[in-house]
K.L.:
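Structure provided below as structure tokens; questions to follow.
Fair warning: this is a prediction, and the values are worked out from it, not measured in the lab. Every number for a ligand or one of its atoms is a count from 1 in the order of the listing. Just so you know, residue 1 is the first one in the sequence shown, and it goes up from there.
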Amino acid sequence: GNVPLTTPRPRVNGQRASLETFEGRLESFRGRQHPIDPERLARAGFYSSGEQDRVLCFKCGGGLKGWRPDEDPWEQHARHYPGCSFLLAEKGGEYVNSMQLRYPKGDH
Ligand SMILES: [Zn+2]
């Protein structure tokens, strides 16, 4: 017998997509109303917490709610959770700094 006995690992195609992926986060908004385009939220690392318009970042765990339609998910992420490693990796420290300047602490 010259047949190798290594069986291919069964592919784990989980029903629930991982929140670390854009698709998984987008999925969390399915069937929900949100003032912000879920695609933009998902891109900025957010997924729906399941309550009202509250979203959470998959990386830093930062939560945001009370969204207005004119708000930008990345901006709000940088404003409230400037230390998030996902944010820093995606947008860079300069962007985060500029948002911190734009929204000085203590104005909310
Ligand atoms: Zn974050």
Side-chain angles (χ1 to χ4, degrees):
N2 227 352
V3 184
L5 283 174
T6 47
T7 44
R9 216 180 257 196
R11 199 173 262 198
V12 186
N13 252 341
Q15 316 294 81
R16 272 176 64 123
S18 166
L19 293 171
E20 291 186 19
T21 67
F22 168 73
E23 289 79 11
R25 294 192 296 274
L26 189 60
E27 182 69 19
S28 71
F29 290 99
R30 189 193 280 239
R32 301 196 65 85
Q33 295 271 343
H34 203 285
I36 312 289
D37 181 5
E39 241 188 82
R40 293 177 63 203
L41 289 163
R43 257 184 229 300
F46 295 118
Y47 63 94
S48 172
S49 75
E51 42 174 311
Q52 290 110 42
D53 68 346
R54 187 153 178 254
V55 300
L56 298 166
C57 170
F58 81 97
K59 193 72 173 185
C60 66
L64 291 170
K65 60 178 180 177
W67 289 89
R68 292 193 307 269
D70 63 332
E71 285 178 327
D72 180 73
W74 275 125
E75 276 188 29
Q76 299 305 314
H77 204 160
R79 175 184 179 184
H80 296 283
Y81 305 103
C84 175
S85 57
F86 174 72
L87 167 75
L88 287 163
E90 292 287 313
K91 304 297 278 185
E94 230 169 90
Y95 174 86
V96 176
N97 284 340
S98 72
M99 284 306 139
Q100 288 291 297
L101 291 174
R102 188 158 158 187
Y103 298 104
K105 283 190 171 49
D107 79 332
H108 58 91

K.L.:
Quick one: are His80 and Tyr103 in side-chain contact, heavy atoms under 4.5 Å?
P.N.:
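No, their side chains stay 4.5 Å or more apart.
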K.L.:
Can you list, by chain and residue number, the protein N, O or S atoms under 2.8 Å from the Zn ion (ligand 1)?
P.N.:
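Checking every protein N, O and S atom gives Cys57 SG, Cys60 SG, His77 NE2, Cys84 SG.
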K.L.:
Please collect all salt bridge (charged side-chain N to carboxylate O under 4.0 Å, His left out) contacts where either partner lies in residues 82-97, sequence neighbours excluded, each pair once.
P.N.:
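Applying salt bridge (charged side-chain N to carboxylate O under 4.0 Å, His left out) to every pair that reaches into residues 82-97, excluding sequence neighbours, yields nothing.
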K.L.:
What pairs of donor and acceptor atoms, side-chain ones from residues 36-47 against any protein atom, are under 3.5 angstrom apart with sequence neighbours left out?
P.N.:
residue, atom, partner, partner atom, Å
Asp37, OD1, Glu39, N, 3.1
Glu39, OE1, Arg43, NH2, 3.4
Arg40, NH2, Asp72, OD1, 2.7

K.L.:
Donor-acceptor pairs under 3.5 Å, side chain of residues 54-66 to any protein atom, not counting sequence neighbours: which ones?
P.N.:
residue, atom, partner, partner atom, Å
Arg54, NH1, Glu51, OE2, 3.1

K.L.:
About how many Å separate CZ of Arg25 and CD of Glu23, when rounded to the nearest 0.5 Å?
P.N.:
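Going from the CD atom of Glu23 to the CZ atom of Arg25 covers 8.5 Å.
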K.L.:
Could you grab the distance from atom CG of Asp53 to atom CD of Gln33, nearest 0.5 Å is fine?
P.N.:
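With rounding to 0.5 Å, CG (Asp53) is 11.5 Å from CD (Gln33).
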